[in-house]
Amino acid sequence: MSLKRASNVDPIKNERAGNVREVGSQAIWSLSSCKPGFGVDQLRDDRADTYWQSDGQLPHLVNIQFQRKTTISDIYIYTDYKLDESYTPSRISIRVGTHFNDIQEIEVITLSEPSGWVHVPIKDIRDKPIRVFMIQIAVTSNHQNGRDTHMRQIKIHSPIETPNIPMDNFLNFSTVELQQHATIR
């Protein structure tokens, strides 16, 4: 799988361009474990200096559940090997489904000392965004065989769909009254 790596990845760029919206705030987030003060709030606070820290055995899970079926096009994960060393994920599994009992793995990402945003495009076999009720991000191994993990941020993007209505239909006014409104000053 081809991943865009840290230095040239900016998840906010597509949001500003109006192509996608961040839909993580519409979901219910849960973790397999966390140290006190290092949980979902830190994972979602838009700050690179805070992080989720797991507290238990691998795999470490981030569960993202939507109340309605949601179209997902991209997942962005912020990690920093320079700061986190053995806490940095080296292998991540992306799983999707409707609930815990039917999730299926759709991507496995191998990371080598990542620093910054890692972009994971989420597509079906026809290269279209997928519709899901649930996403599970599973850290299956860490650098240097670390036990616990750090993730600094996760963003979930959904494409903004615009109707494909040709503008030509609106430019052929037939009356004088409507033709006077055909141009913009």
Side-chain angles (χ1 to χ4, degrees), residues 1-15 19-34 40 43-44 48 51-54 56-66 68-81 84 86-146 148-161:
M1 108 155 259
S2 65
L3 293 174
K4 291 185 183 170
R5 292 298 161 97
S7 61
N8 60 351
V9 174
D10 180 8
I12 308 300
K13 183 179 173 186
N14 281 340
E15 289 180 49
N19 301 327
V20 296
R21 66 181 186 274
E22 209 287 327
V23 294
S25 60
Q26 298 172 13
I28 298 166
W29 291 66
S30 63
L31 305 168
S32 57
S33 67
C34 69
V40 171
L43 193 56
R44 297 287 301 154
Y51 51 87
W52 159 54
Q53 181 175 330
S54 64
Q57 298 295 320
L58 287 168
H60 303 300
L61 307 176
V62 178
N63 300 303
I64 306 156
Q65 295 175 277
F66 295 96
R68 68 183 114 181
K69 206 169 202 181
T70 303
T71 303
I72 303 299
S73 59
D74 307 277
I75 297 175
Y76 290 88
I77 301 170
Y78 193 94
T79 60
D80 194 337
Y81 180 78
D84 299 327
S86 67
Y87 290 91
T88 308
S90 62
R91 188 175 166 103
I92 297 173
S93 167
I94 307 291
R95 306 161 183 174
V96 299
T98 56
H99 50 75
F100 284 102
N101 296 325
D102 76 349
I103 58 172
Q104 295 183 353
E105 184 173 81
I106 59 166
E107 289 287 356
V108 175
I109 304 138
T110 302
L111 302 173
S112 178
E113 300 183 5
S115 183
W117 289 105
V118 175
H119 174 218
V120 184
I122 304 297
K123 309 281 186 218
D124 65 11
I125 58 173
R126 292 183 293 308
D127 205 34
K128 301 282 186 197
I130 60 172
R131 293 182 47 79
V132 299
F133 279 104
M134 180 174 180
I135 302 168
Q136 185 177 76
I137 300 171
V139 176
T140 57
S141 68
N142 289 317
H143 283 76
Q144 304 170 10
N145 294 318
D148 289 326
T149 200
H150 285 183
M151 271 196 204
R152 293 182 173 267
Q153 293 293 305
I154 297 176
K155 292 193 175 289
I156 310 294
H157 280 177
S158 178
I160 293 176
E161 309 207 359

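Every value quoted in this text rests on a predicted model; they were computed, and no experiment measured them.
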**Q** Got Ser86 and His143 here, is their nearest side-chain heavy-atom distance under 4.5 Å?
**A** no
**Q** Within this structure, what is the OG-NZ distance for the pair Ser73 and Lys123, rounded to the nearest 0.5 Å?
**A**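 Between Ser73 OG and Lys123 NZ, I get 5.5 Å after rounding to 0.5 Å.
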**Q** Would you name the heavy atoms of Pro89 and Thr79 that are closest together and state the gap between them?
**A** CD-CG2, 4.0 Å
**Q** Less than 3.5 Å apart, any donor N or O on the side chain of Arg95 or Ser93 sitting next to an acceptor on the other?
**A** yes
**Q** Heavy-atom distance under 4.5 Å between the side chains of Val118 and Val9, does that happen here?
**A** no
**Q** So, does Asn142 use its side chain to make a donor-acceptor pair with the main chain of Asp148 at under 3.5 Å?
**A**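 Checked: pair present.
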**Q** Under 3.5 Å, is there a donor-acceptor pair between the His157 and Asn14 side chains?
**A** no
**Q** Is there a side chain to side chain contact (heavy atoms under 4.5 Å, CB included) between Ile94 and Ile75 once you walk through the steps?
**A** CA-CA 9 Å; Ile94 307 291; Ile75 297 175; 3.9 Å; yes
**Q** Can you tell me how far the CG atom of Leu43 sits from the NZ atom of Lys155, to the nearest 0.5 Å?
**A**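 If I round to the nearest 0.5 Å, the distance is 10.5 Å.
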**Q** In sequence, state the C-alpha distance, the side-chain angles, and the governing distance for Arg44 and Glu22, and then conclude on salt bridge (Lys or Arg N to Asp or Glu O under 4.0 Å).
**A** CA-CA 11 Å; Arg44 297 287 301 154; Glu22 209 287 327; 3.0 Å; yes
**Q** State which residues pass salt bridge (Lys or Arg N to Asp or Glu O under 4.0 Å) with Asp84; sequence neighbours excluded, sorted by chain then number.
**A** Arg152
**Q** Measure across Phe133 and Lys69 and return the closest heavy-atom pair with its distance rounded to 0.1 Å.
**A**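 Residues Phe133 and Lys69, closest heavy atoms: CE2-N, 3.1 Å.
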**Q** Using a 4.5 Å cut-off on heavy atoms from C-beta on, say whether the side chain of Gln153 contacts that of Tyr51.
**A** no
**Q** Supply the atom-to-atom distance Ile137 CD1 to Ile64 CD1, rounded to the nearest 0.5 angstrom.
**A** 4.0 Å
**Q** Should the ring pair Tyr76 and His119 be called parallel, tilted or perpendicular, given that the plane angle runs from 0 to 90° and is split at 30 and 60?
**A** parallel
**Q** Less than 4.5 Å apart, any side-chain heavy atom of Ser54 and any of Val139?
**A** no
**Q** If you define the side chain from C-beta out and look only at heavy atoms, does anything of Val62 sit under 4.5 Å from Trp52?
**A** yes
**Q** Using a distance-only test with no angle check, is there a side-chain donor-acceptor pair under 3.5 angstrom linking Ser141 and Ser90?
**A** yes
**Q** Could you report the tightest heavy-atom contact between Phe66 and Ile135, atom names first, then the distance?
**A**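 Minimum heavy-atom separation between Phe66 and Ile135: CE1-CD1, 4.0 Å.
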**Q** Testing the basics here: between Ile156 and Ile154, what is the closest heavy-atom pair and its distance to 0.1 Å?
**A**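 Smallest heavy-atom distance, with atoms named: CD1-CG2, 3.9 Å.
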**Q** Taking all non-hydrogen atoms of both residues, which atom of Val20 and which atom of Pro159 are closest, and how far apart?
**A** CG1-CA, 4.1 Å
**Q** Mind checking side chain to side chain contact (heavy atoms under 4.5 Å, CB included) for Asp124 and listing every partner two or more places apart, or none if nothing turns up?
**A**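 For Asp124 the side chain to side chain contact (heavy atoms under 4.5 Å, CB included) partners, ignoring immediate neighbours, are Arg126, Lys128, Ile130.
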**Q** How many angstroms lie between NE2 in His60 and CG in Leu31, if you round to the nearest 0.5 Å?
**A** 11.0 Å
**Q** Given side chain to side chain contact (heavy atoms under 4.5 Å, CB included), test Val120 with Ile109 step by step and report yes or no.
**A** CA-CA 8 Å; Val120 184; Ile109 304 138; 3.5 Å; yes
**Q** Find the distance between OG1 (Thr70) and CZ (Arg131) and round it off to the nearest 0.5 Å.
**A** 7.0 Å
**Q** Just by distance, with hydrogens left out, do Gln144 and Tyr87 show a side-chain donor and acceptor under 3.5 Å apart?
**A** no
**Q** To the nearest 0.5 Å, what is the distance between CG on Leu61 and CZ on Phe100?
**A**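 Result: 8.0 Å between the selected atoms.
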**Q** In sequence, state the C-alpha distance, the side-chain angles, and the governing distance for Arg21 and Val23, and then conclude on side chain to side chain contact (heavy atoms under 4.5 Å, CB included).
**A** CA-CA 6 Å; Arg21 66 181 186 274; Val23 294; 3.8 Å; yes
**Q** Flag the pair Thr140 / Leu58 as yes when at least one side-chain heavy-atom distance between them is below 4.5 Å, and no otherwise.
**A**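 Heavy-atom side-chain distance check fails, nothing below 4.5 Å.
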**Q** Please report the C-alpha distance between Thr88 and Asp80 in whole Å, then the side-chain angles of each, then the deciding distance to 0.1 Å, and finally whether the side chain to side chain contact (heavy atoms under 4.5 Å, CB included) criterion is met.
**A** CA-CA 7 Å; Thr88 308; Asp80 194 337; over 6 Å; no
**Q** Are any of the side-chain heavy atoms of Asn63 and Met134 separated by less than 4.5 Å?
**A** yes
**Q** Go through the side-chain N and O atoms of Gln65 and His99 and say whether any donor and acceptor fall under 3.5 Å apart.
**A** no
**Q** Decide if atom CZ of Arg91 counts as having more than 12 heavy atoms of other residues, nucleotides or ligands within a radius under 6.0 Å.
**A** no
**Q** On a heavy-atom basis, which atom in Trp29 and which in Gly24 lie closest, and how many Å separate them?
**A** NE1-O, 2.8 Å
**Q** A side-chain contact here means heavy atoms from C-beta on lying under 4.5 Å apart; do Met151 and Ile92 qualify?
**A** yes
